[in-house]
Amino acid sequence: METSVVASLVSKSFGHGNHRVQALDGVSLRVGKGELFGIIGPDGSGKTTLFRILASLMLPDKGRAYIEDFDTVSQYRDIRKIIGYMPGRFSLYQDLSVEENLRFFATLFGSDIEKSYPDIRPIYRYLEPFRTRKAGKLSGGMKQKLALCCALIHAPKVLLLDEPTTGVDPVSRMEFWGMLDLLKAKGITVIASTPYMNEAMRCQRLCFLQNGKVVGCDTPENIRHAFPFKVFSVKSADKSRLLGDLRKFPACHACYPFGAYHHFYYKEGSLRMEELESYLASLQHEEIKIKESEPTIEDCFMNLMSQGGTDGN
Amino acid sequence: MKQFFAFVEKEFYHIFRDKATMLIILLMPVVQVLIFGFAITTDIQNTEIGILDLSGTPDSRALVQKIDAGPYFQVTARISSTDQLESLFKKGDIKIALVIPPDFSDDMAMGQGTQVQLVTDASNPNEASIVNGYLQSIIGAYSLERYPGDAPKSTSIETRMLYNPQLKSAYTFVPGVIGLVLMLICTLMTSVSIVRERELGTMEALLVAPSKPICIIFAKTVPYFAVSLFNLLVIILLSIFAFDVPIRGSFLMFFLASITYIFTSLCLGIFISTVSRTQQIAMIISLMGLMLPTVLLSGLMFPIESMPAVLQGLSYLLPARWFIEMGRIIMIKGLGFGYIWMQWTILMGMAVVFLGLSVRGFKVRLT
Ligand SMILES: Nc1ncnc2c1ncn2[C@@H]1O[C@H](COP(=O)(O)OP(=O)(O)O)[C@@H](O)[C@H]1O
Ligand SMILES: [Mg+2]
């Protein structure tokens with residue numbers, strides 16, 4: 001695959017002395033043309049900083065980044081012509097209507113709505129009924145669609161989306177990712193960050209960020225196959241006591257709460273389900289339910305994070 | 001260029017759709033003119049005055065009578081000695097006294113500048129200067145009456161008489177109010193609207209556009225320029241129709257002076273936006289750092305001549321000071337460009353400096 005976006009050993013820190021924060025620490029990535037690339041990481045892991053550096057809005061302290069072979073530092077003018085960027089915070093004009101916002105951004109990027117209508121039509125059709133409504137009065141999902149339209153209005157080659165679905169209802173989130181699939185099909189490179197694991201699955205490749213470092217980067221399938229443990233989903237009447245007891249069990253590698261169940265990681269062959277069940281029964285747990293599960297992307301994420309955490313210490 | 005106009009259009013939407021902004025734009029000039037025109041108009045009537053007549057001639061007595069007879073003063077104490085004068089002041093019985101020197105009559109007869117001394121309590125320098133003006137004009141009128149052939153050469157009398165013959169102080173406040181209102185619109189609103197974009201995050205979306213950031217900033221100033229012209233017109237019309245303020249000099253010249261001042265204030269607003277991180281900071285700098293000094297030091301309310309040297313020095317830094325001077329020279333004295341070129345040049349110089357600093361401080365990236 002041809003390369004579209006490259007970051008190589010990008011570092012960035014903020015503040016001075018004791019208040020110094022290393023937002024990015026030697027981040028490298030390579031994203032192919034037309035790829036839908038996901039960036040996952042907890043709050044403060046450096047996702048926004050990475051997007052800003054890629055969008056040429058911030059200078060890296062160390063390292064370089066390229067978009068379509070343009071250097072983000074020296075050739076920022078060229079880059080700004082070919083990227084669409086959707087900042088993390090909703091950044092359209094709340095007091096302008098849907099159409100006014102769109103028209104403004106179109107003109108700003110030297111395009112116009114009519115010319116780029118075919119490009120944005122699949123997304124804009126959701127917005128068309130609210131054409132004259134002020135952007136500030138739209139629902140979260142509608143706002144994100146409008147922001148995406150605005151970012152797409154000049155037919156960019158690369159789309160950078162910083163947490164585009166955060167704070168948006170689940171239905172709109174699915175719709176939104178459907179749109180990204182369409183863009184990908186058109187050959188636009190899309191890099192998006194998200195805190196939602198189920199969305200991350202829809203990316204072709206994923207990159208985990210933690211404390212400014214890349215702790216893993218691969219396709220969702222490979223990431224799941226590389227998960228080194230087996231997983232039990234465990235449930236009982238007293239959930240909070242259960243978590244502690246599970247973690248005390250010798251064969252337990254790690255255990256995290258996942259909705260109604262706790263996910264219990266163990267080395268293959270080190271444990272049978274009955275052993276765990278009798279252990280929990282001996283501790284007077286009631287309504288015990290244990291089942292074997294496939295590792296989800298979130299399991300992989302938690303595991304990578306805990307490794308990253310121990311590396312960091 | 002199309003981008004520029006899209007920007008200007010968008011900025012007008014922001015202005016017209018924000019009720020607070022509209023309220024400020026529509027009401028502030030009117031309110032300011034009315035406040036300054038009615039409430040703070042420092043016209044005097046029946047001001048109590050003490051007289052120490054050391055001359056004791058028919059000339060001086062007639063003058064005192066004339067002062068007493070007019071609507072502005074009321075002679076409440078006839079003082080006999082300098083000592084008594086001092087003690088009356090100390091006790092606070094009088095606030096203003098006129099001392100007529102022994103050679104008053106001779107000087108007047110000889111057509112020399114007469115020297116009367118006005119003693120005032122310094123608590124209100126503004127009132128003192130106005131009283132001073134009134135008294136001088138009365139004395140001037142009196143000596144003209146008395147010796148029509150060779151009027152006294154005292155320039156101070158002549159100047160006051162020339163510029164403000166009806167003794168209406170209302171005139172002098174108009175350039176001041178214009179200076180204040182335009183400063184608020186241009187500097188405060190421009191800087192806040194630029195910083196707002198940075199705070200709300202819209203600047204992030206603008207910066208990734210291929211247009212030059214400096215173009216964004218210039219586009220921001222256009223609507224405020226238009227609003228300023230509108231306000232200028234409102235204030236001038238209101239002054240003419242509500243307060244009979246005449247514009248003696250060329251209207252065009254006054255317009256030129258105002259546009260220069262608007263330009264300087266806009267540049268200052270842009271500059272403030274480059275150094276303020278938040279809207280509050282921009283607002284504080286504009287209000288505390290600019291509006292307050294403008295009200296107090298620019299000559300709008302208190303005469304600059306009666307300020308301590310330090311404050312006079314500070315007033316040199318205020319664009320409004322130079323504009324108010326120009327405004328008074330044109331509106332009240334009716335003089336031409338030859339008399340305002342210095343103030344005009346200073347304002348232009350300030351604009352260039354602010355603009356230079358802002359262009360240097362303006363970032364094509366986030367910080
Ligand atoms: N402009 C900035 N000034 C100071 N610190 C910053 C700035 N931007 C980000 N940081 C810090 O850098 C770290 C990474 O932040 P960010 O890139 O926003 O992470 P994320 O988007 O993943 O939540 C955080 O600790 C944050 O506080
Ligand atoms: Mg972020």
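First the proteins, then the strands, lettered A, B, ... as listed; each starts at 1. None of these values were measured; they are calculated from a predicted model.
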Run the numbers on B:Phe7 and A:Leu108 for side chain to side chain contact (heavy atoms under 4.5 Å, CB included), then give the verdict.
-> CA-CA 8 Å; B:Phe7 234 105; A:Leu108 193 64; 3.7 Å; yes

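With a 4.5 Å cut-off on side-chain heavy atoms, B:His14 and A:Leu96 count as touching. Within the 4.5 Å cutoff, side-chain heavy atoms of B:Arg365 are placed close to those of A:Tyr76. Counting only heavy atoms from C-beta outward, the side chains of B:Asp18 and A:Asp95 never approach each other to under 4.5 Å. You'll find the side chain of A:Thr107 stays beyond 4.5 Å of the side chain of B:Phe4, heavy atoms only.
Atom OH of A:Tyr196 is surrounded by more than 12 heavy atoms from other residues, nucleotides or ligands within 6.0 Å.
Chain B is approached within less than 4.5 Å, heavy atom to heavy atom, by no residue from residues 13-43 of chain A. Contact residues of residues 114-140 of chain A toward chain B are A:Lys134 (heavy-atom distance under 4.5 Å). Residues of residues 55-75 of chain A having a heavy atom under 4.5 Å from any heavy atom of chain B, listed by number: A:Ala55, A:Ser56, A:Leu57, A:Met58, A:Leu59, A:Thr72, A:Val73.
Contacts between A:Ser97 and chain B at a heavy-atom distance below 4.5 Å involve the backbone alone (N, CA, C, O). Of the atoms belonging to B:Phe5, not a single heavy atom falls under 4.5 Å from chain A. Both the backbone and the side chain of B:Leu207 come within contact range of chain A, with heavy atoms under 4.5 Å apart.
Remark: A:Asn101 CG to B:Tyr13 OH distance equals 11.0 Å, nearest 0.5 Å. Atoms OG1 and CG, from B:Thr202 and A:Leu92 in turn, are 9.0 Å apart once rounded to the nearest 0.5 Å.
Within the 3.5 Å criterion, the main-chain N or O of A:Pro87 finds no donor-acceptor partner in the side chain of B:Glu204.
Shortest non-hydrogen contact noted between B:Ala205 and A:Phe105 is CB-CE2, 3.9 Å. Taking all atoms of both residues into account, the shortest heavy-atom contact from B:Gln3 to A:Gly110 is NE2-N, 4.0 Å. Of all non-hydrogen atoms in A:Phe104 and B:Ala6, the two that sit nearest each other are CD1-O, 3.7 Å.
Listed by first and then second residue, the salt bridge (charged side-chain N to carboxylate O under 4.0 Å, His left out) pairs involving residues 6-17 of chain B are A:Glu100-B:Arg17, B:Lys10-B:Glu197, B:Glu11-B:Lys220 (not counting sequence neighbours).
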